[in-house]
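This report refers to the structure that appears directly beneath it.
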2 protein chains.
Amino acid sequence: MARLPEYLRALHNLAEAGDDTVSSEGLAAAAGVNSAKLRKDLSHLGSYGTRGVGYDVALLIDQIEFTLGLTQRRAVALVGVGNLGHALAGYAGFASRGFRIAALFDADQARVGEPINGLNVRHISDLAVVAAAESIAIGVIATPAAAAQDVADALVAAGVTSILNFAPCVLSVPEGVDVRKVDLAVELQILSFHEHRKSSLTALPGGLSSPNGLAATGTEEAVGS
Amino acid sequence: MARLPEYLRALHNLAEAGDDTVSSEGLAAAAGVNSAKLRKDLSHLGSYGTRGVGYDVALLIDQIEFTLGLTQRRAVALVGVGNLGHALAGYAGFASRGFRIAALFDADQARVGEPINGLNVRHISDLAVVAAAESIAIGVIATPAAAAQDVADALVAAGVTSILNFAPCVLSVPEGVDVRKVDLAVELQILSFHEHRKSSLTALPGGLSSPNGLAATGTEEAVGS
DNA sequence: AGGCGCTTGTGAACCCGTGCACAAATCGCG
DNA sequence: CGCGATTTGTGCACGGGTTCACAAGCGCCT
Ligand SMILES: NC(=O)c1ccc[n+]([C@@H]2O[C@H](COP(=O)([O-])OP(=O)(O)OC[C@H]3O[C@@H](n4cnc5c(N)ncnc54)[C@H](O)[C@@H]3O)[C@@H](O)[C@H]2O)c1
Ligand SMILES: NC(=O)c1ccc[n+]([C@@H]2O[C@H](COP(=O)([O-])OP(=O)(O)OC[C@H]3O[C@@H](n4cnc5c(N)ncnc54)[C@H](O)[C@@H]3O)[C@@H](O)[C@H]2O)c1
């Protein structure tokens, strides 16, 4: 499930706080989900808590990390060392969550050779050999949208089977390759939609009729203090 | 629906390409979704295409932009001008998608006053007055996780009712405030899970038994060339 | 040792999103 | 003017995710 990383983060927080066991209720609150959902998710991966007491934090962390394939530190390639690429390359949060940025690539010769965070930017033409040498299976695209498809093709040709795409465009990849897209403008537009809905609602204080029957789903967070 | 922004982006691309009308099939392909789903989405917002011909691109853009509340250019506040915050502040994609970064905030006095992209960083204590003056309803949090809840509280107190959170933590906000979270490490971990699943599958070539019954949903992209 | 309270695991109902398939409608052309 | 090609809009069934609710199991305290 896509919620396992959230559980994992919450568990690490609990482990740092010194907790040894957690109840499903407590972990659900820390991860911001329903407790029944969490129990069902955890049961699906065969992890057994002990009734009456809860889950063993350290054991559960191991279970989830194994399920997510984080027992090995995975190497990722970052393509496009521009505005966003710099921030990503300098981000310490990846290393602490099971990943190692193994190589940086760019098409701009002026950027090639630039050292970032102890790593030198390499030219995109080196992608294939470096990916093979470092056994890179995950690629991150932080190039303009116009170049994203070409980069994706190059990544796939280099043996990458999972791609995280920051460019606002749809990628077409062969079967067996997974793509996840992160589009920040889309996130803001969804928030804007909520703003629009809210202001329409306050304009009609009785709430007689909502402006439409739409409901945005996804990464939504249920409110509540 | 959360897919409207995707449709909008695809429509803008089509408009730039000079197309006047689109079939649901064509737009669905450009947005990477099923055509029936797209038609149902569009029918939900009352937009009427003409049968036998398709949808009017310009009209549909207006319809979707109205539904998303993008008729007015919305002002957003960005809090935390660090590694990631710099990239966001310098990103041109927000302006072209209906948003205006109206103010930058940070707690670090060394950063206050720094000009970024024609905007000066202000101290977080100015948030309330600036938000009121600029009528800011959307806030972006790009601070460390430890500070995120405090920043969220300050944003809410300043009248912000929608928050985009980049810090890896759950925020608790009062009812009526919407929060969307973007966690890049989570995205990578989901990809890692897919990698793990794929490698387990190839290890058992017959595919007799999948390692578990999990299926990650969400921003997934259906493969296919 | 036995009972009691707490927590997990899960059965089942429910709800919603998804996709198929088709009727209705519109345009272009003869 | 009428017909066929094309495309929208939608009824309906299916599947999966979500939630409630409760039985089963475990530890602790007496
Ligand atoms: N900066 C942000 O905060 C932000 C936010 C959301 C989305 N994005 C998206 O992320 C992408 C990158 O944004 P940015 O602001 O970093 O842009 P940028 O122009 O600063 O950086 C793009 C980099 O990609 C490199 N590049 C171009 N073509 C390439 C190719 N074929 N192969 C390899 N490298 C290539 C360029 O040399 C440049 O260094 C864009 O698609 C943008 O829409 C950025
Ligand atoms: N850099 C990335 O690529 C990246 C990727 C994913 C997630 N993130 C997350 O984004 C957040 C920011 O990352 P970063 O790399 O930019 O960190 P950073 O340390 O470079 O920047 C954080 C900024 O927030 C400011 N800040 C701290 N406390 C504040 C407060 N109370 N009010 C206002 N400002 C405050 C700091 O002064 C600093 O300028 C982190 O939570 C990180 O986990 C970053």
Side-chain angles (χ1 to χ4, degrees), chain A residues 1-7 10-11 14 19-57 59-60 63-64 67 190 193 210 212-224, chain B residues 1-7 10-11 14 19-57 59-60 63-64 67 190 193 210 212-224:
Chain A
M1 294 281 184
R3 286 184 294 271
L4 288 180
E6 289 295 329
Y7 302 159
L11 284 167
L14 290 169
D19 290 4
D20 241 19
T21 61
V22 232
S23 72
S24 66
E25 203 83 32
L27 182 55
V33 300
N34 184 295
S35 67
K37 195 191 305 190
L38 181 137
R39 284 200 299 275
K40 190 152 289 192
D41 288 345
L42 260 47
S43 74
H44 277 338
L45 54 83
S47 161
Y48 285 7
T50 49
R51 309 184 176 207
V53 72
Y55 296 91
D56 183 287
V57 173
L59 181 71
L60 199 49
Q63 289 262 12
I64 294 181
T67 304
I190 293 173
F193 165 68
S210 72
N212 49 41
L214 297 177
T217 59
T219 322
E220 198 123 4
E221 176 157 328
V223 292
Chain B
M1 294 282 186
R3 285 184 295 270
L4 288 179
E6 288 296 330
Y7 303 158
L11 284 167
L14 289 169
D19 292 2
D20 242 17
T21 60
V22 232
S23 72
S24 65
E25 205 81 33
L27 183 54
V33 299
N34 185 292
S35 66
K37 195 191 307 192
L38 181 138
R39 286 200 298 276
K40 191 155 288 191
D41 287 346
L42 261 45
S43 75
H44 277 337
L45 54 84
S47 161
Y48 286 7
T50 50
R51 306 181 178 209
V53 133
Y55 296 90
D56 183 284
V57 173
L59 181 71
L60 198 48
Q63 289 263 11
I64 294 181
T67 304
I190 293 172
F193 165 67
S210 72
N212 49 42
L214 297 177
T217 59
T219 321
E220 199 122 3
E221 176 158 330
V223 291

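Each chain gets a letter, A, B and so on, in the order the sequences are listed, and its residues count up from 1.
- For the residue pair A/A10 and A/A30, the shortest heavy atom distance occurs at CB-CB, 4.0 Å.
- For D/dT10, the base has no donor-acceptor partner in the side chain of B/K40 [N/O atoms by modelled type, under 3.5 angstrom].
- Annotation for A/L27 and A/V22: closest pair N-CG1, 4.0 Å, computed over non-hydrogen atoms.
- Applying the 3.5 Å distance criterion, the base of C/dT8 shares a donor-acceptor pair with the side chain of A/R51.
- Across all non-hydrogen atoms, the minimal contact from A/V33 to A/R3 is CG1-CD, 4.1 Å.
- Ranking C/dT8, D/dC20, D/dT8 by closeness to the A/Y55 side chain, first place goes to C/dT8.
- A straight line from CZ of B/R39 to P of C/dT18 spans 15 Å, rounded to a whole angstrom.
- Nearest approach of A/R39 to A/Y55, heavy atoms of both residues: CG-OH, 3.8 Å.
- In this entry the distance linking CG of B/D56 with C1' of D/dT8 reads 15 Å, nearest Å.
- Atoms OH (A/Y7) and P (C/dT8) sit 13 Å apart, rounded to a whole Å.
- B/K37 places its NZ atom 13 Å from the C1' atom of C/dC16, with the value rounded to the nearest Å.
- Nearest-nucleotide positions on DNA chain D place B/A36 closer to the 5' end than the other of B/A36 and A/V53.
- Rounded to an integer number of Å, the gap from B/L45 CG to D/dT8 P is 14 Å.
- Put simply, A/R3 has a side-chain N or O that comes within less than 4.0 Å of OP1 or OP2 on D/dT18.
- Distance OH (B/Y48) to C1' (C/dC27): 20 Å, rounded to an integer number of Å.
- Summarising the geometry, the separation between CG on B/L38 and C1' on C/dG17 is reported as 15 Å, rounded to the nearest angstrom.
- The distance between atom CG of B/L59 and atom C1' of D/dT8, rounded to the nearest whole Å, is 15 Å.
- Residue B/T50 places none of its side-chain N or O atoms closer than 4.0 Å to OP1 or OP2 of C/dT26.
- Contact annotation: A/N34 reaches the phosphate of D/dC20 (side-chain N/O to OP1 or OP2, under 4.0 Å).
- Close to D/dT8, at under 4.0 Å from its OP1 or OP2, lies a side-chain N or O of B/S24.
- Toward the 5′ end of DNA chain D lies the nearest nucleotide of B/E25, the other residue of the pair B/E25 and A/G52 mapping further downstream.
- A pairwise comparison of heavy atoms in B/L4 and B/T67 identifies CD1-CG2, 4.0 Å as the closest pair.
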